[in-house]
Trainee: 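Here it is: the structure, laid out below.
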Number of protein chains: 2
Amino acid sequence: MKRPTLEVVAARAGVSKSSVSRVVNGETTVAPQIREVVLRAVRELGYVPNAAARNLVTRRTDAVAVVVADPPQGVVSDDPLFSTVVRAVSRELEAAGKQVVLMLAESDRSRARVEAYVAGGHVDGVMLVALHGTDPLPAALARTGMPMASFNRTSAPDVPYAGVDNTGGAALAVRHLLERGRRRIAAITGPLDLFEARERLEGYREALRGSGRRSIVALGDFTRASGAEAMRQLLEDDPALDAVFASNDLMAIGALRTLREAGRRVPEDVAVVGFDDIEAAAYTAPALTSVRSPMADQAIATVHLLLGLIEGGPSSPVVIPNELVIREST
Amino acid sequence: MKRPTLEVVAARAGVSKSSVSRVVNGETTVAPQIREVVLRAVRELGYVPNAAARNLVTRRTDAVAVVVADPPQGVVSDDPLFSTVVRAVSRELEAAGKQVVLMLAESDRSRARVEAYVAGGHVDGVMLVALHGTDPLPAALARTGMPMASFNRTSAPDVPYAGVDNTGGAALAVRHLLERGRRRIAAITGPLDLFEARERLEGYREALRGSGRRSIVALGDFTRASGAEAMRQLLEDDPALDAVFASNDLMAIGALRTLREAGRRVPEDVAVVGFDDIEAAAYTAPALTSVRSPMADQAIATVHLLLGLIEGGPSSPVVIPNELVIREST
DNA sequence: TCCTCGCCAGAGAGCGCTCCCCGAGCGGCT
DNA sequence: AGCCGCTCGGGGAGCGCTCTCTGGCGAGGA
């Protein structure tokens, strides 16, 4: 089953290849009756342009690589971040007529693969998601000169990004706990090679600084399991704590579980705040207070950043504001 | 910044284009010293083959479309299914040297886009995810003759798929509830145009049939919110119920919330079983008993089905077995 | 009436690659 | 020694498209 080519369509319509090409590409300098007859031929033959041939000569691919980079153990694997972001990004890129080439950069091998692919000019631009702060990939990709934008800040300073106000959001959460009269407020932080994690921790410290309260920090990796484990450690270190700020909701969910097992009532004994306001936050028992940072908006902003860059426009980081959603856990 | 071509590499290495092509494509009929000198030239120039040119002549694209089809309201949007499946699929396809082109088929427009894209021969095969039973897309795509495999069964009978034993799994869950001595066992079903939902409901009915118990069914759409709502309705319809089987974990989580609000203790007053055993199931309060159906395995099986098909091999549906994971909720 | 200008269709040269085919070279057999 | 056959490198056509350039033709001005 061979697909018709431009030439076949031209023959059918009784015009030249050039004219068919012009019509197909929507150029205006075509007489109406020619356009008409060409369009009919296209329809009758079910003609679809061969993208490979077109790319070969135009040097455009109409494709964008969406690179999702996190370690194999999958810090974000079951994270709503992945689905939310990838979906929002796809939808937006498709609306802009771009194909989405999804690439996972987990191992060193796949990183090299991504780099070669991008350097090979198979895409018009690159969209980065979920990068470790120490990951060399963004810098390597930036060196190819390919237009690029990142969901959240990365280690490469010149890669434009859309991010949320992590520091401000964390401070918001902690101040809320202080207002509720909590005195010993612990934090569960994410992996500190991630900018989000560092900034959220900074916001926690900042808010606490003014209050004269001591900071108590346990390290997690943004997964539920790590949140549960960190909570166990916090309870051991300071049994008198009466509040916890978790750097993301998944860890907050893990913390809730540990608290329940330890017989602590939430929020009576210990108040809990999360970050991200994922959908699951409204379904925990008790429902989780969380800092809402609209990931979909952030994803869309990143896409627009990238599209602007591809068009040759300028780019400046975008910061998405966030707000506190108060539920039962505080 | 222009990339080097085959010809440039050939000149540098002092051999013909043909030889370079052979080396690059790993053909064996090349003398070692030629291979050596070519490889060095490739390295020195940073040569990367132009995929467009290659595709143009070989008619292979080394790309696979992963089509995720669900309505815009996003039945699976926050569903771990999306991230788990898309990740597993990507990883497996990348290992096989295929590019992953992610396409969402939500609106009619995007469905048409997918169809045109596939018909246009831009990919070597199609992988279908999350399709409604009544969706005309699988049949339309099947008509293009493109190799295709589906994650879960679809309405098009001749599309090979990898699925789980939905009927058996549901029956497993319900029999477990019966063994626990439950007498009024309700079900929350998913949207009935999905095969999974229909089959799981069938399993519920089948297991109940032998026991002389009545079935009580409420309709959900696989989201948490719908599970919560369905549970409210079930409590209203039959306040004496003492167990619920939810067709997926997300709805079970919603149901748990409603039960908590209604002051019913789980599992003392009402036992709850879910389906899928997503990671969150271990973190609900109380932790959720669920039918484990390894989605990643299923995704991988689907990929292998597709790859086999692309290679021209035969194909027969694969059914992944499942097991019951018993936790606190029953 | 003739020339110029503008507009629009057609011709054709590549884009970078693969792959068929040819021919050179060499070893083994008669 | 001559011939056959086999291995392996090179030449070059052609994949389907775009885009520049050319050419034809009608309109308008001198």
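All values below were derived from every heavy atom in this structure, side-chain atoms included, with hydrogens, water molecules and symmetry-related copies excluded.
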Trainee: To the nearest Å, how far apart are B/Leu6 CG and C/dC15 P?
Mentor: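 After rounding, the gap between these two atoms is 13 Å.
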Trainee: With sequence neighbours excluded, what pairs up with B/Glu36 under the side-chain contact (heavy atoms from CB on, under 4.5 Å) test?
Mentor: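 Per chain and number, B/Glu36 pairs via side-chain contact (heavy atoms from CB on, under 4.5 Å) with no residue.
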Trainee: Could you tell me, to 10°, how much the axis swings from one end of the helix from C/dT1-D/dA30 to C/dT30-D/dA1 to the other, five pairs per end?
Mentor: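 The end axes of the helix from C/dT1-D/dA30 to C/dT30-D/dA1 are about 60° apart, to the nearest 10°.
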Trainee: Once you round it to whole Å, what is the distance between P of C/dC17 and CG of A/Asn50?
Mentor: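 After rounding, the reported distance stands at 16 Å.
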Trainee: Taking only nitrogen or oxygen atoms into account, show me every contact under 3.5 Å that the protein makes with nucleotides 20-23 of chain D, one pair per line with its distance.
Mentor:
none

Trainee: Give the residues of residues 30-45 of chain A touching DNA chain C, defined as any heavy atom closer than 4.0 Å, sorted by residue number.
Mentor: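 Those residues whose heavy atoms fall under 4.0 Å from DNA chain C, taken from residues 30-45 of chain A in numerical order, are A/Val30, A/Ala31, A/Ile34.
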Trainee: Roughly how many Å is it from NE2 in A/His122 to P in C/dG16, rounded to a whole number?
Mentor: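 About 13 Å, once rounded to whole Å.
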Trainee: Check side chain to side chain donor-acceptor pair (under 3.5 Å) between A/Ser19 and all other residues, then give those that pass, not counting sequence neighbours.
Mentor: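 For A/Ser19, the residues satisfying side chain to side chain donor-acceptor pair (under 3.5 Å) (neighbours in sequence not counted) are A/Ser16.
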Trainee: Identify, with sequence neighbours excluded, every residue that meets side-chain contact (heavy atoms from CB on, under 4.5 Å) alongside A/Ala296.
Mentor: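 In terms of side-chain contact (heavy atoms from CB on, under 4.5 Å), with neighbours along the sequence ignored, A/Ala296 is linked to A/Thr84, A/Ala88.
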Trainee: Tell me every residue that passes ring-ring contact (aromatic ring centres under 6.0 Å, His included) with A/Tyr47, counting only those two or more places apart in sequence or in another chain.
Mentor: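 Checked A/Tyr47 against ring-ring contact (aromatic ring centres under 6.0 Å, His included); zero matches.
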Trainee: Among residues at least two apart in sequence or on other chains, which ones pass salt bridge (Lys or Arg N to Asp or Glu O under 4.0 Å) with A/Glu44?
Mentor: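 Checked A/Glu44 against salt bridge (Lys or Arg N to Asp or Glu O under 4.0 Å); matches are A/Arg12.
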Trainee: Output the rounded distance in Å from CG (A/Asn55) to P (D/dC15).
Mentor: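 Those two atoms, CG and P, are 18 Å apart.
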Trainee: Which residue pairs pass the salt bridge (charged side-chain N to carboxylate O under 4.0 Å, His left out) test with at least one member in residues 302-319 of chain B, sequence neighbours excluded?
Mentor: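 Found none.
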Trainee: Keeping to residues at least two apart or across chains, list the ring pair (Phe, Tyr, Trp, His ring centres under 6.0 Å) pairs with something in residues 12-32 of chain A.
Mentor: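 Listed by first then second residue: nothing to list.
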Trainee: Measure the distance from CG on A/Asn25 to P on D/dC17 and round it to the nearest whole Å.
Mentor: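 Nearest whole value for this atom pair: 10 Å.
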Trainee: Is there any salt bridge (charged side-chain N to carboxylate O under 4.0 Å, His left out) pair reaching into residues 60-69 of chain B, and which pairs are they, with sequence neighbours excluded?
Mentor: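 Non-adjacent pairs meeting salt bridge (charged side-chain N to carboxylate O under 4.0 Å, His left out): B/Arg60-B/Asp62, B/Asp62-B/Lys98.
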Trainee: Going by side chain to side chain donor-acceptor pair (under 3.5 Å), name the residues that satisfy it together with A/Ser18, two or more places apart in sequence or in a different chain.
Mentor: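 Side chain to side chain donor-acceptor pair (under 3.5 Å) list for A/Ser18, sorted by chain: empty.
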Trainee: Quick check against the 3.5 Å criterion: does A/Asn25 have a side-chain atom that pairs as donor or acceptor with the backbone of A/Glu27?
Mentor: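 Not at all, since once roles are kept as given, no pair shorter than 3.5 Å links the two residues.
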